Amino acid sequence: MKPIILCMGLISVSLILGGCSSVGVKAWERGHLAEKKMQLEPYPLDSFLDDHIYFSKEGSSGGRGAGGGGCGCN
Amino acid sequence: MQLKKLNLSQVLAVATSSLLAGTSQTVLAVDNNNDWQVDSSVLFYSETDRVSVVEPVVSARKKIGDDEYLKFKLVADALTGASPNGAIKTSSAQTFTTPSGSSTYTTAANTAPLDPSFHDTRGALSAEWEKPLNERLKGVFSANYSQEFDYSSLGLGANFSWDVNQRNTTLTAGVGYSLDQVKPVGGMPTGLTAMPTTTSVSKSKLGDTDDKTIASLLLGVTQVIGPKHLLQLNYTYSNEDGYLTDPYKILSVLDNSGNLRGTNPYLYEKRPTTRTRHALYLKDVKQFGADVLQFSYRYAWDDWGILSHTLDLRYRYELNAKNYLEPHLRYYLQDKADFYYYNLVDGSIPQFASADYRLGDLSTKTIGLKYGYVFAENHEFGIRTELIQQQAEGSAQFPDTDAVLVQLNYSFTF
């Protein structure tokens, strides 16, 4: 229960920081969202290599994808 | 062209037996009119006095239909150097046997014991088929296989994303399954039995190979907040079952005086055979002028007792239309596993125990900088360097690990 509360709190903070009075955009407002740099993973190989490094050096993993394993490094 | 497409679809139908772990994605993915997109990268990673890694990666994505893609990724990994074996440093020199049992190595007094025979090479191939299932629903089916000299893994997965709310909200669900096989050098030692200190004695073994399965699930939602603002929330779950112990790690056993006990001073570690992990992941992407801020927070916990917080911050600063700099900060803090011990004490050996520092109380701090150059349409070069420091937290006593990485990227389409 605690993590759910924590996450809901974080979403609220993010929305407030975003200063949004309304959520969402119209089709003609998507120009910036289509740019590569605005993607959730704009450089997938950077993310892939980071995940590999930290998977082998830390106790926790996950969050970004439903993967896991594939490596005897941990 | 149509014939070519049909052939690819047939190939895909066979390969669908092949899925893997998809990543939660938004439907906003950048498209272009070129058939191929190639991303390549090479990573150089080096720890002070320890492990060095060179890892090239090539990924190629082919457009095979309307919003339909086939992607392959090839990874190689060469790793050399020394790795902590789990024993503690002592005031006198210590001798250990290598995993094969055919030779020994000695660690000097007051020095953290490192196994110098640590090395590995790994190759991995993954394939991914991205297909629109209807106007609002997309499926990504994937498979991967990797092979190390002592480990192999076959993974399958499927990931679905569904656009709702005038495409302002994307709901994502993914599943993955991986079947791994462990084949350690020298076999799998029986947990919490003695590591021989001479080559004339053989260790007690469970066998030569064992399996491990990993089933994973992802549920996510991505929300467009505004014309320059995105928010993602994921929950991931995974269940591991099988041989989860590190066959090369040991623990020191001290007597009541705090000295290494006289007989059988080192025991092989032993971990539980199941592990259930959970993670909540929040990511916020926001554009300020032309610059982009990416922030993420992950809260992860598992039934081994590990609980962690990860904060990650990147700010892409546009120098001009073609050049950008991206500073990166990351902070990770972890509570130890229930069965983590710096050392064991004679007479009170627990059911499970590991001295692997990666299961201890630790923090990781990362600071990095990336430079990117877009030198032609759809051609981009990048270089990044990062410094990573891991250190013990709380009462943990293991030594710090310092690492540096340099990564070169080149991407193009045609």
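All chains are named by letter (A, B, ...) in the order of the sequence lines, taking the proteins before the strands, and each is independently numbered beginning at 1. Since the model is a prediction, treat every value here as computed from it, not as a measurement.
Side-chain N or O atoms of Asp284(B) include none that pairs as donor or acceptor with a backbone N or O of Phe295(B) at under 3.5 Å.
Neither the backbone nor the side chain of Asn165(B) has a heavy atom closer than 4.5 Å to any heavy atom of chain A. Using a 4.5 Å cut-off between heavy atoms, Ala290(B) contacts chain A through both its backbone and its side chain. With a threshold of 4.5 angstrom between heavy atoms, Glu326(B) does not approach chain A through any atom at all. Residue Thr213(B) does not touch chain A at all, counting heavy-atom pairs closer than 4.5 Å. Contacts between Val57(B) and chain A at a heavy-atom distance below 4.5 Å involve backbone atoms as well as side-chain atoms. Only the side chain of Tyr357(B) has a heavy atom closer than 4.5 Å to any heavy atom of chain A. Looking at Glu240(B), there are no atoms closer than 4.5 Å to chain A (heavy atoms on both sides), in backbone or side chain. Neither the backbone nor the side chain of Leu219(B) comes within contact range of chain A; no heavy atoms are under 4.5 Å apart. At a 4.5 Å heavy-atom cutoff, the contact between Tyr324(B) and chain A is made by side-chain atoms alone. Within the 4.5 angstrom heavy-atom criterion, only side-chain atoms of Gln334(B), from C-beta onward, approach chain A. With a 4.5 angstrom heavy-atom cutoff, Lys228(B) touches chain A via backbone and side-chain atoms both. No part of Leu154(B) comes within reach of chain A, as not one of its non-hydrogen atoms sits under 4.5 angstrom from that chain. Proximity to chain A (any heavy atom under 4.5 Å) is shown, for Asp39(B), by both the backbone and the side chain. Heavy atoms of Val182(B) lying under 4.5 Å from chain A are absent altogether.
Per-residue heavy-atom pair counts under 4.5 Å with chain A were compared for Lys283(B), Gln166(B), Gln287(B), and the maximum is reached by Gln287(B). When the candidates Gln147(B), Glu386(B), Glu380(B) are compared by the number of heavy-atom contacts under 4.5 Å with chain A, Glu380(B) comes out ahead. Most heavy-atom pairs under 4.5 Å with chain A: of the set Lys336(B), Lys73(B), His278(B), this distinction falls to Lys73(B).
Side-chain contact between Asn168(B) and Val23(A): absent, with no pair of heavy atoms (C-beta onward) separated by less than 4.5 Å. Using a 4.5 Å heavy-atom threshold, the side chains of Leu282(B) and Leu231(B) count as touching. Using a 4.5 Å heavy-atom threshold, the side chains of Asp120(B) and Phe149(B) count as touching. Contact of the Glu41(A) side chain with the Gln39(A) side chain is not registered, since no non-hydrogen atoms from C-beta on lie closer than 4.5 Å.
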Q: Under the salt bridge (charged side-chain N to carboxylate O under 4.0 Å, His left out) rule, what do Asp50(A) and Arg314(B) come out as? Steps first, then yes or no, please.
A: CA-CA 13 Å; Asp50(A) 277 348; Arg314(B) 295 167 201 262; 3.0 Å; yes
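The salt bridge (Lys or Arg N to Asp or Glu O under 4.0 Å) check on Asp302(B) picks up Arg275(B), with sequence neighbours excluded.
His309(B) has its ring centre no less than 6.0 Å from the ring centre of Tyr332(B).
Summarising the geometry, atom CZ belonging to Phe160(B) is positioned 11.5 Å from atom OG1 belonging to Thr172(B); distances are rounded to the nearest 0.5 Å.
Of the options Arg50(B), Glu47(B), Arg358(B), a side chain to side chain donor-acceptor pair (under 3.5 Å) to Thr401(B) is made by Arg50(B) and by none of the others.
Annotation: cation-pi geometry not satisfied between Arg384(B) and Tyr43(A) (NZ/CZ under 6.0 angstrom from ring centroid, within 45° of ring axis).
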